[in-house]
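So the structure is just underneath, and the comments pick up after that.
Numbered from 1 within each chain, the chains take letters A, B, ... in sequence-line order.
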Protein chains: 2
Amino acid sequence: MSNTTKVLPLLEPEVPETVVPCCPPLTERPFTAEEAETAARMFKALGDPVRLRLFSAVASHEGGEACVCDISDVGVSQPTVSHHLKKLKDAGLLTSERRGTWVYYRVEPSVLAAMGKLLTVAPSAA
Amino acid sequence: MSNTTKVLPLLEPEVPETVVPCCPPLTERPFTAEEAETAARMFKALGDPVRLRLFSAVASHEGGEACVCDISDVGVSQPTVSHHLKKLKDAGLLTSERRGTWVYYRVEPSVLAAMGKLLTVAPSAA
DNA sequence: CGTCTATGTTGACATACGTCGAACCAAGTC
DNA sequence: GACTTGGTTCGACGTATGTCAACATAGACG
């Protein structure tokens, strides 16, 4: 039975080929200074516990977006939350949009996929 | 979402079970403070351009290991290289071993895989 | 042993970073 | 308009970080 070979469209609404070609996998070849600069910026953005929690909260929220009020319970003051959300936004990991009273943040799916590719264990290496 | 509820085993090829169970994918559920602390430590280690270049140089080197002398051309002084390699080691991303005159660093493949999983776009989320 | 090469460690310094309180802006509500 | 709630920006402060020069350590090789 070829049950596993069914290429059913497991809900890939986003995550298209538009994955930003930031850098090759870390294991493919030594990064250039420029590549390292770019990739480090993204890693750095996730290199703080509070930001990681905020990002995870947004990413795991209904539809990949969340109101600030829903995720700001991470143990720091609200200005600090805002500060970190801005950093994530500056790093290109989140986007924000104001809808009436509340501000909603949502993840940038392509960036997530790009980072995942960075950490791919080179299959050809072996 | 009735049609999409098929939980078919969408090709989970390698990624051995030896992957350290640090945290769930970022998109699965909000990280706890503890998970965030752990994961952030790894991201932080790669959040510096110099460290990223060093790590990439080691990871892409023959057999996933490299002598310091082979990778220390990243534009900073030798003590700084040593400092960053120590940080990567402390973060659990590299291991070192002295063989005669030279010291060799090698990647911790399980950690790489674990981080890759973190950035997995949750297939069940949606 | 002495010396040379390859790395790691220490101390110092400038900068970046995380955090908060206070002030400020944006939408609703009265 | 005034008041309330949600969120950002500003200014300040303490700490962490990246960097280097100088020194220390570990083998190799006479």
Side-chain angles (χ1 to χ4, degrees), chain A residues 31 33-34 36-58 61 65-107, chain B residues 31 33-34 36-58 61 65-107:
Chain A
F31 270 23
E34 214 173 83
E37 203 77 44
T38 303
R41 209 168 304 143
M42 300 192 297
F43 282 117
K44 194 177 201 174
L46 295 180
D48 178 272
V50 174
R51 279 199 293 273
L52 209 43
R53 289 186 73 184
L54 290 171
F55 185 82
S56 172
V58 172
H61 213 262
E65 87 169 10
C67 163
V68 176
C69 55
D70 285 330
I71 59 175
S72 41
D73 189 20
V74 288
V76 295
S77 70
Q78 210 237 348
T80 302
V81 169
S82 189
H83 167 73
H84 283 305
L85 286 173
K86 179 174 169 52
K87 281 220 160 187
L88 288 168
K89 201 167 118 183
D90 289 346
L93 296 174
L94 293 179
T95 59
S96 71
E97 179 195 358
R98 171 162 229 132
R99 288 210 289 276
T101 306
W102 296 282
V103 175
Y104 290 83
Y105 280 80
R106 79 170 26 248
V107 303
Chain B
F31 269 23
E34 214 173 85
E37 203 77 44
T38 303
R41 209 169 304 143
M42 301 191 298
F43 281 117
K44 194 177 200 173
L46 294 181
D48 178 90
V50 173
R51 280 199 292 273
L52 209 43
R53 289 185 73 185
L54 289 172
F55 184 82
S56 172
V58 172
H61 212 263
E65 87 170 10
C67 162
V68 176
C69 57
D70 286 331
I71 60 175
S72 41
D73 189 19
V74 288
V76 294
S77 70
Q78 183 267 331
T80 301
V81 168
S82 188
H83 167 73
H84 283 306
L85 286 173
K86 178 174 169 54
K87 282 220 159 186
L88 287 168
K89 202 168 118 183
D90 290 346
L93 297 173
L94 293 180
T95 59
S96 70
E97 180 196 356
R98 170 160 229 134
R99 287 210 290 277
T101 306
W102 294 281
V103 176
Y104 290 83
Y105 282 81
R106 78 170 27 248
V107 302

Using a cut-off of 4.0 Å between protein heavy atoms and nucleotide atoms, how would you tag nucleotides 25-30 of chain D 5' to 3' with B, S and -? -SSS--
Within the 4.0 Å heavy-atom criterion, would you say A/K89 contacts the bases, only the backbone, or no part of the nucleic acid? nothing
Need one value for B/Y105: base, sugar-phosphate or nothing, where a base atom within 4.0 Å counts as base even if backbone is also close, heavy atoms only. sugar-phosphate
Whole Å only: how far is the CG atom of A/L88 from the C1' atom of C/dC17? 14 Å
Can you measure A/Y104 atom OH to C/dA26 atom P for me and round it to whole angstrom units? 19 Å
Looking at B/R51 and B/A45, would you say the former's side chain and the latter's main chain have a donor-acceptor pair under 3.5 Å? yes
Sub-3.5 Å donor-acceptor pair from the side chain of A/T38 to the main-chain atoms of A/E34, do we have one? yes
Here the salt bridge (Lys or Arg N to Asp or Glu O under 4.0 Å) pairs for residues 75-101 of chain B, sequence neighbours left out, are B/E65-B/R99, B/K86-B/D90, B/E97-B/R99
Could you go step by step and tell me if B/V58 and B/D70 meet the side-chain contact (heavy atoms from CB on, under 4.5 Å) rule? CA-CA 9 Å; B/V58 172; B/D70 286 331; over 6 Å; no
Test log, rule side-chain contact (heavy atoms from CB on, under 4.5 Å), inputs B/V103 and B/L85: CA-CA 11 Å; B/V103 176; B/L85 286 173; over 6 Å; no
Residues from residues 77-86 of chain A lying under 4.0 Å of DNA chain C - heavy atoms: A/S77, A/P79, A/T80, A/H83, A/H84
Does OP1 or OP2 of C/dA27 have a side-chain N or O of A/W102 closer than 4.0 Å? no
Decide side-chain contact (heavy atoms from CB on, under 4.5 Å) for A/V107 and A/L93; before the verdict, give the C-alpha distance in whole Å, the side-chain angles of both, and the deciding distance to 0.1 Å. CA-CA 6 Å; A/V107 303; A/L93 296 174; over 6 Å; no
